[in-house]
Amino acid sequence: EWFHLLSKEMFNPYYGLFEYAASDDYTLQISPNSGLCNPGHLDYFKFYGRVCGLAVYNNMIIDAFFIRPFYKMMLGKKVIFEDMQSVDVEMYNSLKYILDNDPEPLCLNFSVNKEVLGEIQEVELKPNGKDIPVTETNKTEYVDLVMKWRFTDRIQEQMNAFMKGFGDVISPKLIQVFDERELEYLMGGLAEIDVEDWKRNTEYDGYTANDDVIVWFWKAVSNYDNEMKARLLQFVTGTSKVPMNGFAELQGSQGPRKFSIKQYGAVNSFPRSHTWSVQSMILLPWVLQ
């Protein structure tokens with residue numbers, strides 16, 4: 001209970017050290033402006049890391065779920081473009097458009113804008129970046145640098161302090177046996193998932209609730225243990241966390257959005273998910289038989 005109460009207060013966005021991800025209001029990310037809210041923020045991040053390390057060491061869980069790139073950074077793994085989709089759909093779509101099209105008409109350069117206390121500031125992604133146009137030949141480098149800035153550069157000091165505190169209790173090498181999904185389970189635990197609530201707050205596209213494939217799907221999910229249910233939820237939404245008031249409060253890129261099951265593809269296709277952007281899962285009859 002002590003870890004639960006302490007972590008619930010620690011990770012409250014009100015203190016300005018963490019903030020909610022752009023796609024929802026229950027997964028957390030480090031606030032790049034934490035130093036403006038608290039001059040001693042790095043000491044707090046080190047303390048937070050120690051608390052998380054103690055929780056893992058004592059087989060306890062914390063009352064917080066983070067964006068997937070946070071767990072990847074803890075493991076020293078590279079954050080990839082697809083990770084953006086579950087965190088910031090708007091930026092993901094913008095960068096994907098650049099990758100899929102000629103960016104020169106957009107008149108972009110190797111810089112990004114950030115807002116600090118209502119003021120827009122320009123940040124160069126590389127030396128003299130504001131004078132380097134984004135073209136068809138260098139657009140991949142541009143996207144990589146934007147990703148690096150979005151997830152690493154602007155919070156590097158905070159993350160280093162957090163991992164320093166974590167490392168005071170547990171060597172980071174000891175968690176290398178986990179992947180980012182398993183680390184999320186280890187730190188945040190597996191909340192009990194109510195399948196009936198899940199069903200009540202699901203929409204169907206191309207199916208009805210009485211179709212055989214849907215009946216088979218929910219029968220299979222009901223027979224899963226809690227870890228498998230959490231893995232399914234994580235596959236579709238990007239996190240294994242259920243909102244405080246249940247599935248009715250799931251968030252999409254445009255606000256509240258119910259879990260969605262959509263008919264897609266041929267019977268020999270694999271299931272697919274659209275993480276948060278449209279909040280849907282694609283089901284195929286042959287998979288569930």
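Interatomic distance, CD1 of I155 versus CZ of F162, reported as 11.0 Å (0.5 Å rounding). Atom CE of M147 and atom CD1 of I80 lie 8.0 Å apart (nearest 0.5 Å). Residue Y142 holds its OH atom at 14.5 Å from OG1 of T137, rounded to the nearest 0.5 Å. Distance CZ/F151 to NZ/K72: 10.0 Å, rounded to 0.5 Å. Residue N226 holds its CG atom at 5.0 Å from CD1 of I193, rounded to the nearest 0.5 Å. Considering NZ of K77 and CG of D83, their distance stands at 9.0 Å, rounded to 0.5 Å.
With hydrophobic clusters built from ILVMFWY side chains whose heavy atoms lie under 4.5 angstrom apart, L145 shares a cluster with L99. Cluster annotation: V177 and L186 are assigned to the same hydrophobic cluster (Ile/Leu/Val/Met/Phe/Trp/Tyr, side-chain heavy-atom contacts under 4.5 Å, transitive). Under the 4.5 Å side-chain heavy-atom criterion for grouping Ile, Leu, Val, Met, Phe, Trp and Tyr, W2 is connected to Y57 within one hydrophobic cluster. Both W218 and L232 are part of a single hydrophobic cluster, where members link through side-chain heavy atoms under 4.5 Å apart. If you chain together hydrophobic residues whose side chains sit under 4.5 Å apart, I62 and L75 fall into the same group.
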Candidate pair R181 and R68, rule side chain to side chain contact (heavy atoms under 4.5 Å, CB included), full reasoning: CA-CA 8 Å; R181 295 177 178 83; R68 186 171 299 171; 3.3 Å; yes

Chi angles and distances behind the side chain to side chain contact (heavy atoms under 4.5 Å, CB included) call for L106, Y97: CA-CA 11 Å; L106 301 175; Y97 179 87; 4.2 Å; yes

Verdict with supporting geometry, E203 and K262, side chain to side chain contact (heavy atoms under 4.5 Å, CB included): CA-CA 8 Å; E203 297 176 336; K262 180 179 179 181; over 6 Å; no

Check against side chain to side chain contact (heavy atoms under 4.5 Å, CB included), W198 and L233: CA-CA 10 Å; W198 198 346; L233 182 62; 4.2 Å; yes

Test side chain to side chain donor-acceptor pair (under 3.5 Å) applied to Y71 and E182, step by step: CA-CA 9 Å; Y71 299 107; E182 293 167 334; over 6 Å; no

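Contact annotation: the side chain of M91 approaches that of V146 to within less than 4.5 Å [non-hydrogen atoms, C-beta and beyond]. Looking only at side-chain heavy atoms (C-beta outward), E196 and K199 come within less than 4.5 Å of each other. A 4.5 Å side-chain heavy-atom check between Y185 and F178 finds every atom pair outside the cut-off. Annotation: side chain of F47 is in contact with side chain of M10 (closest heavy-atom distance under 4.5 Å). Using a 4.5 Å heavy-atom cutoff, the side chains of F70 and V87 are not in contact. Counting heavy atoms from C-beta outward, F110 and N138 have side chains that approach closer than 4.5 Å. Counting heavy atoms from C-beta outward, T208 and I214 have side chains that stay 4.5 Å or more apart. In this structure the side chain of T202 never reaches within 4.5 angstrom of the side chain of F217, judged on heavy atoms.
The six-membered or imidazole ring of F45 lies near that of F18, with a centre-to-centre distance under 6.0 Å. When ring centroids are compared, F11 and F66 come within the 6.0 Å threshold.
Taking a cutoff of 4.0 Å between a charged side-chain nitrogen and a carboxylate oxygen, D144 and K148 do not qualify as a salt bridge. Under a 4.0 Å N-O distance rule, the pair R200/D197 qualifies as a salt bridge.
The backbone N or O of E104 sits nowhere less than 3.5 Å from a side-chain atom of K139 that would complete a donor-acceptor pair. Q176 places a side-chain N or O within 3.5 Å of a backbone atom of P172 that can act as its donor or acceptor partner. With R154 contributing its side chain and R150 its backbone, the two residues share a donor-acceptor pair below 3.5 Å. Distance alone, capped at 3.5 Å, is enough to place a donor-acceptor pair between the D225 side chain and the E227 backbone. Between the side chain of N223 and the backbone N or O of A220, no donor-acceptor pair lies under 3.5 Å. For the pair N160 (side chain) and E157 (backbone), a donor-acceptor distance under 3.5 Å is absent. Under the 3.5 Å distance criterion, the side-chain polar atoms of N58 are left unmatched by any main-chain donor or acceptor of M60.
Shown here for F247 and D194, the closest heavy-atom pair between the two residues is CE1-O, 3.9 Å. Across G53 and I170, no two heavy atoms sit closer than the pair O-CD1, 3.4 Å. The two residues F259 and I261 have their closest heavy-atom pair at CE2-CG1, 3.8 Å. Across every non-hydrogen atom of F81 and L95, the tightest pair is CE1-CB, 3.5 Å. Of all the heavy atoms in E19 and S31, the pair that sits closest is OE1-OG, 3.7 Å. Taking all atoms of both residues into account, the shortest heavy-atom contact from V169 to L54 is CG1-N, 3.8 Å.
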Can you give each donor-acceptor pair under 3.5 Å made by side-chain atoms of residues 119-133, sequence neighbours left out, with the distance rounded to 0.1 Å?
unit_1	atom_1	unit_2	atom_2	d
E122	OE2	S111	OG	2.9
E124	OE2	K130	N	3.3
K126	NZ	E141	OE2	2.9

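Under the 30°/60° scheme for interplanar angles, the aromatic rings of Y44 and Y48 are found to stand perpendicular.
Every residue two or more places apart in sequence or in another chain was checked for a salt bridge (Lys or Arg N to Asp or Glu O under 4.0 Å) with K78, and none qualifies.
For N59, the CG atom is loosely surrounded, since the number of other residues' heavy atoms within 6.0 Å does not exceed 12.
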